[in-house]
> 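Structure provided below as structure tokens; questions to follow.
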Amino acid sequence: MGSLKRPPALVVGQRVRFEGQVRGVLEVTARAAVLEDAEAPHRVVALIDLFETADFKILFQPERMPLPQSGLLETFAPEVMKRALWWEGHVLEVLHGLPPGAEPGTPPRPGYGPGTSVTSRQKAKAAELAALGHEIKTGAVGLRRRRYTEEGLVGLARLVDHRSVRKRKEFGDVPDAVVEAMRQAIKEGVETSTRNGAYLIWRTGEIIRENGGNLVELPSRRTLYRLVAKLTVGTHATGSAVTRRSKAHGAAAPFGELTVSAPGEVMQIDSTPLDVMVRLDNGVVGKVELTGMIDVATRTLAAAVLRPTTKSVDASVLLARTVTPELMRPGWVDALKMSRSVLPHARMLTLDERLEHAAAKPVIVPEMIVCDHGKVFVSRNFRASCRFLEIDFQPTHKGSPFEKGHIEKMLGSVATMFAQFLPGYTGRNTDHRGRHPERENLWTLPELQELLDEWIVAHWQNRPHEGLRDPDHPGRLFTPNQKYAALVEACGYAPVALSGQDYVELLPAAWRAVNSYGIRINNRTYDAPELGPMRRRDSGVTAKRGLWEVHRDPYDVSRVWVRNHRGEGEWIQATWKYLNRAPVPFGDLAWDHVSHQLPKATEEELAKAVSALLTRAHAGPEQPAANNRKAKRSKADRRVTARTKATTPAAAMPPPRPETQPSPEPPAEDEETTAEVIPLGIFDPLEDPWRRS
């Protein structure tokens, strides 16, 4: 089968083989070509006859002129460009026989017409310019013709002034060995404390000597400082250590985009300190941490929890809040109802009755949760919660916060769009902190949580998001609620209802024996009448040596739940034995704070100490007497008590037993009241409170 063949293209200046002779192409028209001839000045041959000749062949074809580097033209001065454009007109006449812009049919000037070679045209152009007063030789015209053929107008401009586009060395005359040594010194400081440029210069010299570079001469100190400035651009080598590590461990490859098409397909979770001071209890001022979860597909802030300290139970509770509708609160306007929003409330209500009184925030069931390697999220409890809800657990690579950039950006947005409007705002660091923010009219932690929940429903879910653009109309932005409503039409809605039993399942577990006195956890004894059949019995779980599964809330040590392995697997609630001595629930923070001070104390003594701590906190700060300063309650006691009460859910407590012991007689007025002072230890709020369980 034959194939079509494009006829060869002839241009002026080519050399062709025709009738056994090598001829130059002098002129090309639509139907004929003018060729050089040994017996005549030229020869006109029809193109059809030329191409059909058996020995016709184009011996070489000049390369097409490259496209001009138009960006470089902006680097030349106006007078240089004016001179280059002047030369371009003359060079084009040498190449084609006609100046640029000539009218069709205009005959060439003498010396540039058919039958003249490029060399003869260059001589004619040099003579013409010399007659005009320009001392130009034929070789100079040929040089400009070649430069124009190779580089276009930029080549002519370079001949006029080459300094504008001259490339200078990146680091000047600094030896390459010095540059590499300083790069190594900067790399060594990624994980260390921040040092200044003087250290980097000293370390550069040490590295050169260690590598046997005694013959390498170091530049002047001023040159080395300029080299430090160039090599440390964007690395924070002499700045923030946190930012430096983040920059060094960032992605080297281009950032990718995770494609998600359904709500809950990928969700991200993280915690960060909130830049706001709150009034915890009895006037104690402290800061809290924000733990949030965001849906990548819709940018919905599915849940957000404020706590003085973040524990693994917070992450589990966050999961429960994600799959639970946000109910309307007293005082919220009707516009915040889901039935008044863009969400398809009527259709989802037929599937999930919990949405009847829900606020305008979607209920999203996670399929995958992305988190970092914080102890809160990689804990056994959180992993078990993900398995319980059939959620894929996907931790990021270490030192790679960009892999969960959506939640990182969201946490920063909360600071700029919510926290800064609150009293007690501290700024992101001490440089941005005002004077005495703790003296402002601060919110309490429950009040701040209420404000945050309302802000999420009212503002965040109805705010057009930059990452939710319409692909067909990039100028249009969607809100998280609008994006959810659009995606749920294509992906559907799958309700997940959590019961009280499910919430207990999300709590951290411990395995204990049920003795005659009950269950002992962290020097606390829990008991209940329903534990009677379990006392001194084997649970039947051989992997745990017959122990019983106990779930507990670290923020409420007043009760635990025991799974009845010998029954139907139901939960039995057991109450702390000495709860009547401390009728206010408190958490592990307060318990550990006192137990560390009294390491050899009995359980009853510990209960009395914690109860006394809470009693003093409830009574408020006392005015210290001038002669009894040691009796003043410490600030650490008040802070621990306030943090504990702020994180403890309200629960119904059994009535305290009446005390039958007579009250001690008051001391005489002339007697001095003395009391044993127990020194307070150093309290570490980041310590795991249940590590000894």
Side-chain angles (χ1 to χ4, degrees), residues 167-256 258 268 270-273 275 289 310 370-379 394-409 411-412 415 427-433 684-688:
K167 295 181 180 179
R168 59 186 180 185
K169 295 182 179 180
E170 184 178 5
F171 304 108
D173 296 330
V174 179
D176 295 339
V178 177
V179 176
E180 294 301 323
M182 184 168 291
R183 282 176 172 165
Q184 181 179 344
I186 295 172
K187 186 177 181 180
E188 291 176 353
V190 170
E191 302 294 340
T192 62
S193 301
T194 301
R195 293 175 170 88
N196 59 13
Y199 169 82
L200 294 177
I201 294 176
W202 171 83
R203 181 56 186 155
T204 299
E206 292 294 315
I207 293 174
I208 292 177
R209 282 188 287 272
E210 292 172 1
N211 296 335
N214 296 326
L215 299 179
V216 179
E217 182 179 356
L218 289 177
S220 65
R221 199 163 185 84
R222 181 176 297 179
T223 302
L224 289 174
Y225 270 110
R226 287 196 296 265
L227 182 61
V228 169
K230 289 182 179 180
L231 294 179
T232 57
V233 171
T235 63
H236 289 262
T238 58
S240 170
V242 176
T243 308
R244 178 171 65 253
R245 290 191 294 268
S246 178
K247 293 285 187 181
H249 298 298
F255 287 95
L258 183 62
Q268 298 176 355
D270 199 8
S271 296
T272 187
D275 301 328
E289 288 190 359
T310 302
V370 180
C371 62
D372 55 20
H373 289 262
K375 294 182 179 179
V376 176
F377 307 119
V378 299
S379 63
Q394 182 61 58
T396 63
H397 296 88
K398 292 186 177 181
S400 303
F402 57 87
E403 295 183 355
K404 52 180 182 61
H406 297 289
I407 187 65
E408 297 281 352
K409 180 64 175 178
L411 295 176
R428 64 176 182 266
N429 52 42
T430 54
D431 293 339
H432 294 76
R433 182 172 299 180
D684 185 7
L686 300 179
E687 187 178 4
D688 188 358

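Note that these values count all heavy atoms, side chains included, but never hydrogens, waters or copies made by symmetry. Numbering starts at 1 and runs along the sequence shown.
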> Can you tell me how far the CZ atom of Arg195 sits from the CH2 atom of Trp202, to the nearest 0.5 Å?
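With rounding to 0.5 Å, CZ (Arg195) is 8.5 Å from CH2 (Trp202).
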> Go through the structure and list residues passing salt bridge (Lys or Arg N to Asp or Glu O under 4.0 Å) with Glu408, not counting sequence neighbours.
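By the salt bridge (Lys or Arg N to Asp or Glu O under 4.0 Å) rule, Glu408 matches Lys404.
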> side-chain contact (heavy atoms from CB on, under 4.5 Å) for Ile207 and Glu188? Distances and angles first, verdict last.
CA-CA 11 Å; Ile207 293 174; Glu188 291 176 353; 4.1 Å; yes
> Return the CZ to NZ distance between Arg183 and Lys187, rounded to the nearest 0.5 Å.
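Arg183 atom CZ to Lys187 atom NZ measures 11.5 Å (nearest 0.5 Å).
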> Please enumerate all residues that pass side chain to side chain contact (heavy atoms under 4.5 Å, CB included) together with Gln394, with sequence neighbours excluded.
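With sequence neighbours excluded, Gln394 shows a side chain to side chain contact (heavy atoms under 4.5 Å, CB included) to Met368, Val370, given in chain and number order.
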> Roughly how far, to the nearest 0.5 Å, is CG of Asn196 from OG1 of Thr238?
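The distance works out to 8.0 Å.
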> Would you give the length of the straight line joining atom OG of Ser271 to atom CG of Leu411, rounded to the nearest 0.5 angstrom?
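Atom-to-atom, Ser271:OG and Leu411:CG are 8.0 Å apart.
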> Between Glu289 and Thr272, is there a donor-acceptor pair closer than 3.5 Å when you use the side chain of the first and the backbone of the second?
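No, Glu289 side chain to Thr272 backbone: no donor-acceptor pair under 3.5 Å.
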> Taking side chain as C-beta onward, heavy atoms only, is Leu224 less than 4.5 Å from Val178?
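Touching, per the 4.5 Å side-chain cut-off.
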> Specify the closest pair of heavy atoms between Gly197 and Tyr225, including all atoms of both residues, with the distance to one decimal.
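Shortest heavy-atom separation between Gly197 and Tyr225 comes out as C-CE2, 4.2 Å.
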> Could you tell me whether Arg203 and Glu210 make a salt bridge, using a distance below 4.0 angstrom between a side-chain N and a carboxylate O?
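Between Glu210 and Arg203 there is a salt bridge, with a charged N closer than 4.0 Å to a carboxylate O.
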> Report yes or no: does Asp176 contribute a side-chain atom to a donor-acceptor pair with the main-chain N or O of Val179 at less than 3.5 Å?
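Absent.
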> Is the count of non-hydrogen atoms from other residues, nucleotides or ligands lying under 6.0 Å from His373 atom NE2 greater than 12?
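Counting other residues, nucleotides and ligands, NE2 of His373 exceeds 12 neighbours.
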> Under the side chain to side chain donor-acceptor pair (under 3.5 Å) rule, collect the residues that match up with Thr223, sequence neighbours excluded.
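Applying side chain to side chain donor-acceptor pair (under 3.5 Å) to Thr223 gives Ser220, Arg226.
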> Would Thr194 and Arg244 count as having a side-chain donor-acceptor pair, cut-off 3.5 Å?
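Their side chains do contain a donor-acceptor pair, which is all the 3.5 Å distance test asks for.
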> Hey, could you give me the CG/CE distance between Leu227 and Met182, rounded to the nearest 0.5 Å?
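Between Leu227 CG and Met182 CE, I get 4.5 Å after rounding to 0.5 Å.
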> Rounded to the nearest 0.5 Å, what separation is found between the OG1 atom of Thr232 and the CG atom of Leu200?
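It comes to 7.5 Å.
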> Taking Glu403 for its side chain and His397 for its backbone only, find out whether a donor-acceptor pair lies under 3.5 Å.
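The answer is yes, because a donor-acceptor pair under 3.5 Å joins these two groups.
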> Please check this pair: side chain of Lys247 against backbone of Ala237, looking for a donor-acceptor N/O pair closer than 3.5 Å.
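No, the answer is negative, given that no donor and acceptor are paired below the 3.5 Å cut-off.
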